[in-house]
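Here the structure comes first, spelled out in structure tokens, and everything after it is commentary.
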Amino acid sequence: MKKTLLSIALLASSMAFAQEPINVQSEANKVATSQELGMAVYWYQTSGEAKALYQQAFNVAKLYFDSYKAQEGKKKAVVVDLDETMMDNSEYAVYQFSQAKPYTSETWKKWVEAERTRATMGAVAFNNYVNANGGTVFYVSNRRVAQMAPTIKNLQALGFEGVSEERMYLKDKSSKKQERYREIEKKGYEIVQYIGDNLNDFTDETYHGNLEVRDAWVTKHAAEFGTKYIVMPNPLYGGFDSATHYDIQQRHKALRLTDWYK
């Protein structure tokens with residue numbers, strides 16, 4: 001009985017945070033996927049380590065922001081993603097888990113409009129510090145433009161200061177963000193930092209890229225992590241998963257294992 005309940009729970013949790021449809025080819029794939037994501041959901045929602053990583057990231061971001069000197073005539077800007085960066089959607093995942101429901105655009109829309117998203121640890125304090133100390137925070141998210149009003153109201157209710165439509169760059173047609181960054185720069189801003197949970201929050205070069213493309217970009221920009229690029233913990237969904245087309249066999253092939261145990 002316990003094994004049956006665990007299997008049901010893990011299968012439900014496989015859908016939690018799946019912001020793109022999971023493409024599975026077989027029942028074996030579904031089971032393997034649920035086993036992988038079940039622990040990831042549990043870690044994200046409950047671990048002190050996840051919360052500490054958020055706070056650590058914002059602490060480091062603040063230090064670099066303070067030390068950065070913008071070019072003459074330029075205003076300092078910090079670009080942040082929203083979901084699983086500044087905003088914690090765990091309650092939506094609990095809905096999925098308890099009801100064994102997949103991600104759908106309809107239920108996500110209902111969740112956003114409920115304005116129940118919480119702030120990630122340290123996000124409000126960092127946001128307000130930047131806006132009060134010579135910088136401007138811009139929110140560049142792939143929430144849809146139609147979700148602008150409830151997103152702004154939710155952020156304001158959480159205590160985020162400086163939130164407005166002028167500072168909100170949501171998704172219209174494309175999920176790529178580089179063009180939206182250029183729009184901010186055209187307004188006379190120099191972007192000091194990019195803060196997000198996905199490499200695609202920093203560059204379009206990794207968009208739909210495979211694992212090799214993503215690793216190469218990280219290696220190329222290694223010295224800029226912890227300064228220009230601040231990465232938040234998210235083992236639940238993102239470019240790392242879509243890089244293998246959500247295929248469990250491709251994931252396993254990507255893992256490294258030597259014969260040390262023989």
Glu179: which of Lys176, Lys177, Arg182 passes side-chain hydrogen bond (donor to acceptor under 3.5 Å, both in side chains): Arg182

Identified side-chain hydrogen bond (donor to acceptor under 3.5 Å, both in side chains) counterpart of Tyr139 within the set Thr85, Asn127, Thr151: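 The passing option is Asn127.
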
Any donor-acceptor pair under 3.5 Å from Gln178 side chain to Asp204 backbone: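 The answer is yes, because a donor-acceptor pair under 3.5 Å joins these two groups.
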
Under 3.5 Å donor-acceptor, Asn200 side chain and Gly239 backbone: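 Checking the backbone N and O of Gly239 against the side chain of Asn200, no donor-acceptor pair under 3.5 Å is found.
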
Please name all residues satisfying side chain to side chain contact (heavy atoms under 4.5 Å, CB included) with [X], sequence neighbours left out, ordered by chain then number.
X	value
Val145	Leu170, Asp172
Ser175	Asn142, Lys171, Tyr207
Glu224	His221, Thr227, Lys228, Tyr229
Ala57	Ile230, Met232

Any donor-acceptor N or O pair under 3.5 Å, side chains Gln193, Tyr68: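 No.
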
Heavy-atom check, side chain of Met86 versus side chain of Thr117, under 4.5 Å: no

Heavy-atom check, side chain of Phe160 versus side chain of Asn131, under 4.5 Å: no

Near-ring test Phe138/Tyr189, centroid separation under 6.0 angstrom: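 Yes: the rings meet the under 6.0 Å criterion.
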
Ring centers of Tyr194, Tyr181 separated by less than 6.0 Å: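 That pair passes the under 6.0 Å test.
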
Hphob cluster co-occupancy, Ile195 + Val218, side-chain heavy atoms under 4.5 angstrom: no

side-chain hydrogen bond (donor to acceptor under 3.5 Å, both in side chains) partners for Thr136, two or more places apart: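 Residues passing side-chain hydrogen bond (donor to acceptor under 3.5 Å, both in side chains) with Thr136: none at all.
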
Lys75 NZ to Glu185 CD distance, which is reported to the nearest 0.5 Å: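 Here the interatomic distance stands at 12.5 Å.
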
Spacing of CE belonging to Met121 relative to CD belonging to Gln55, to within rounding of 0.5 Å: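 Separation between the atoms: 5.0 Å.
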
For Val213, the rest of its hydrophobic cluster, which grows through side-chain links under 4.5 angstrom: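 ILVMFWY cluster around Val213 holds nothing else.
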
